[in-house]
Amino acid sequence: MSNYQSIVEKNKETYLQELIDLLKFPSISADPAYKVDVMSCAQFVSDKMNALGLDKVEIISTKGYPVVYGEKIIDPSKPTILAYGHYDVQPADPIELWTSPPFEPVIKDGKIFARGSADDKGQFYMHFKALEILLSENKLNCNVKCIIEGEEEIGSEHLEEFVNTYKDKLKADCIVISDTSMISNEHPSITTGLRGLAYMEVEVTGPNRDLHSGVYGGAVGNPINTLCKMIASLQDENGTITIPHFYDKILEVSAEERAAMSKAPFDMTEYKKHLDIDEVFGEKEYSVLERVSIRPTLDVNGIWGGYIGEGAKTVLPSKAFAKISMRLVPNQDYNEISKLFEAHFKSIAPKYVKVKVTPHHGGEPAVTPTESNAYKAAEKAVEITYGKTPIPLRTGGSIPIVTMFKRVLGIDTVLLGFGLDTDAIHSPNEHYHVWNYLKGIETLCCFYEEMGR
Ligand code: BES
Ligand code: MN
Ligand code: MN
């Protein structure tokens, strides 16, 4: 057993208890009702930074929720690593589908169940424990700066301004983020690309008030029927998006990279079984792993309108609504895609309805280098602790600040995450495997050690 492994093993109860305490804060950034909890969570994070031995710990205000900062400067001539994470979490609903309350963490079958356990509290906290180990063992041989933000799940709206204001303070050689997943514990991987995001809300209005569906139905266009038809027309049978010019700017992935991707293990039977679906969906020309990583998508996230109460009410509603997101790939620009969507959506609306389109937050796609020192250190660290070379792989989620960091600070990121796609992040019963949490701490010890060489 390696030295780090035995330290982690010896302290695992403490490490788990501290994570459980962190997970008790309902730090839901999307819902203003939790403002006090988000702020107390920031305080807890800063207390833990102090406790592990970071210097200049500070809760830095922004126009939104604060960023918690801490650093350890060992020797200015050594490389500096900027570790990023987020202490905010997604809302917990639908709450009735949780088998234990989302903010009362429990460990069951080797998994910690709680909102935020994998996304991202359990993941950024591994850095705190790794740094604590390195400091106590006198093994930290590089400089470290930590920023843990509180608005990632709502689009990191104020982070760019923060980064611009504190450009000097944030100077670093590389950024490390643990907020992604691996293929599996048997097939470790490092994320090398993330999709961007354009998020729209649409409102379709028919008549100026709800009508009796018998008296008016047949002569007045129903906005819900209309919205459904409009949405259905946005994709063809193959899943290809029909918005004109949607694919124009996409940077095609090279045959080499696609060939490398096709080597990543993927078990179709297991995939379908896990989701209880009989068949997968999407573009026939691309594999499932490609469909969820190097191809853009369009999905309805929510749709509502009319009567949804008990029993039947015969009504021809006045309005229908939907939230629609598009995952984007390099070089799609979310402002441009939002405009294309809006123009197209208005153009397909029949004359008997009016359409309003409101864009929500968006985000840039990212591709991270595999030639950097940081990637090599991450690769080496995984080799040491997993005994296998990690597979570089693009995945489908979004962390828009990766490209923002590159644009504003000029720094590349390595996405060294330890989650699994099955962790149910953003879903009921989100969990993080205890094994991954402990393995992550050990691997991050090796990562920081490699960076100091
Ligand atoms: N950690 C996730 C992103 C993620 C998850 C990337 C799993 C890769 C694998 C992050 O917290 C997240 O949820 N991002 C949002 C985007 C944001 C703009 C709200 C997303 O992907 O929906
Ligand atoms: Mn996250
Ligand atoms: Mn998330």
Side-chain angles (χ1 to χ4, degrees), residues 22-23 27-31 64-65 83-92 102 114-127 147-160 175-184 188-201 264 289 292-294 296-302 323-329 334-335 337-338 359-368 392-405 413-428 430-432 436 440:
L22 171 60
L23 290 169
S27 49
I28 305 168
S29 51
D31 188 345
Y65 285 120
Y84 162 93
H86 62 92
Y87 64 85
D88 66 322
V89 299
Q90 284 276 321
R115 170 58 85 231
S117 54
D119 184 11
D120 177 43
K121 288 172 175 172
Q123 295 225 50
F124 82 70
Y125 206 66
M126 298 179 311
H127 287 263
I147 48 170
I148 312 295
E149 74 148 315
E151 297 192 303
E152 197 275 345
E153 298 292 7
I154 48 171
S156 304
E157 202 189 322
H158 303 97
L159 200 68
E160 182 159 347
I175 294 168
V176 59
I177 303 177
S178 298
D179 193 22
T180 50
S181 40
M182 291 199 177
I183 298 171
S184 67
S189 55
I190 295 177
T191 302
T192 53
L194 293 163
R195 290 193 284 195
L197 185 69
Y199 202 112
M200 321 295 291
E201 185 159 333
L289 285 182
V292 299
S293 62
I294 61 166
T297 63
L298 185 147
D299 279 292
V300 178
N301 298 265
K323 291 182 194 277
I324 302 172
S325 68
M326 289 162 282
R327 295 281 169 176
L328 310 176
V329 299
Y334 70 89
N335 285 316
I337 294 291
S338 299
H360 285 279
H361 61 72
E364 298 161 274
V367 179
T368 56
L393 195 69
R394 293 204 209 181
T395 58
S398 307
I399 309 182
I401 48 85
V402 171
T403 297
M404 186 274 285
F405 283 145
T413 293
V414 57
L415 294 159
L416 181 53
F418 297 89
L420 297 173
D421 283 346
T422 52
D423 287 343
I425 62 170
H426 295 204
S427 301
E430 175 177 353
H431 55 269
Y432 193 32
N436 295 54

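First listed ligand is number 1; within each ligand, the first listed atom is number 1. Note that the structure is a prediction, hence the values are computed from the model and not measured.
- By the criterion of a heavy-atom distance under 4.0 Å, neither the backbone nor the side chain of Arg195 is placed next to ligand 1.
- Distances shorter than 4.0 angstrom occur between a heavy atom of Pro400 and an atom of ligand 1.
- Of the candidates Thr395, Leu328, Thr297, Arg195 forms a side chain to side chain contact (heavy atoms under 4.5 Å, CB included) with just one, namely Thr297.
- When heavy-atom distances to ligand 1 are checked against a 4.0 Å cut-off, Glu153 comes that close through both its backbone and its side chain.
- Ring pair Tyr65/Tyr87: centre-to-centre distance not below 6.0 Å.
- Looking at Ser181 and Asp421, their side chains do bring a donor and an acceptor atom within 3.5 Å of each other.
- The shortest N or O to N or O distance between Asp179 and ligand 1 is below 3.5 Å.
- The distance from ligand 1 to the heavy atoms of Arg327 drops below 4.0 Å at these ligand atoms: 20 (C), 21 (O), 22 (O).
- Side-chain contact, His361 with Glu157: no donor N or O sits under 3.5 Å from an acceptor N or O.
- With hydrogens left out, the protein atom closest to atom 10 (C) of ligand 1 is Glu152 OE2, 3.2 Å, a heavy atom.
- In terms of heavy-atom proximity, Leu22 sits nearest to Lys121 at O-NZ, 3.4 Å.
- Using a non-hydrogen distance threshold of 4.0 Å, Ile425 registers as a contact of ligand 1.
- Taking a cut-off of under 4.0 Å to the non-hydrogen atoms of His86, the atoms of ligand 1 that pass are 11 (O).
- Looking at Asp88, its side chain does come within 3.5 Å of a backbone N or O of Glu153 through a donor-acceptor pair.
- Residue Asp119 has at least one nitrogen or oxygen atom sitting less than 3.5 Å from a nitrogen or oxygen atom of ligand 1, judged on distance alone.
- Looking at ligand 1, you'll find an N or O of His426 within less than 3.5 Å of one of its N or O atoms.
- Between Phe124 and Ser178 there is no side-chain heavy-atom pair separated by less than 4.5 Å.
- Ligand 1 places these atoms under 4.0 Å from at least one heavy atom of Gly397: 6 (C), 21 (O).
- No N or O atom of Gln90 sits closer than 3.5 Å to an N or O atom of ligand 1.
- Applying the side chain to side chain contact (heavy atoms under 4.5 Å, CB included) test to Ser427 and every residue at least two apart in sequence or in another chain returns Ala424.
- Judged by distance alone, the side chain of Asp423 and the main-chain N or O of Tyr432 form no donor-acceptor pair under 3.5 Å.
- The set of protein atoms (N, O or S) found at less than 2.8 Å from the Mn ion (ligand 3) reads Asp119 OD2, Glu153 OE1, Glu153 OE2, His426 NE2, by chain and number.
- Judged by distance alone, the side chain of Asp120 and the main-chain N or O of His86 form a donor-acceptor pair under 3.5 Å.
- Asp119 is listed as a side-chain neighbour of His426, based on a closest heavy-atom distance under 4.5 Å.
- For atom 8 (C) of ligand 1, the closest non-hydrogen atom on the protein side is Thr180 CG2, 3.7 Å.
- With respect to atom 16 (C) of ligand 1, the closest heavy atom belonging to the protein is Ser398 O, 3.6 Å.
- Donor-acceptor pairing under 3.5 Å is recorded for the side chains of Asn301 and Ser325.
- Looking at Ser398 and Arg327, their side chains do bring a donor and an acceptor atom within 3.5 Å of each other.
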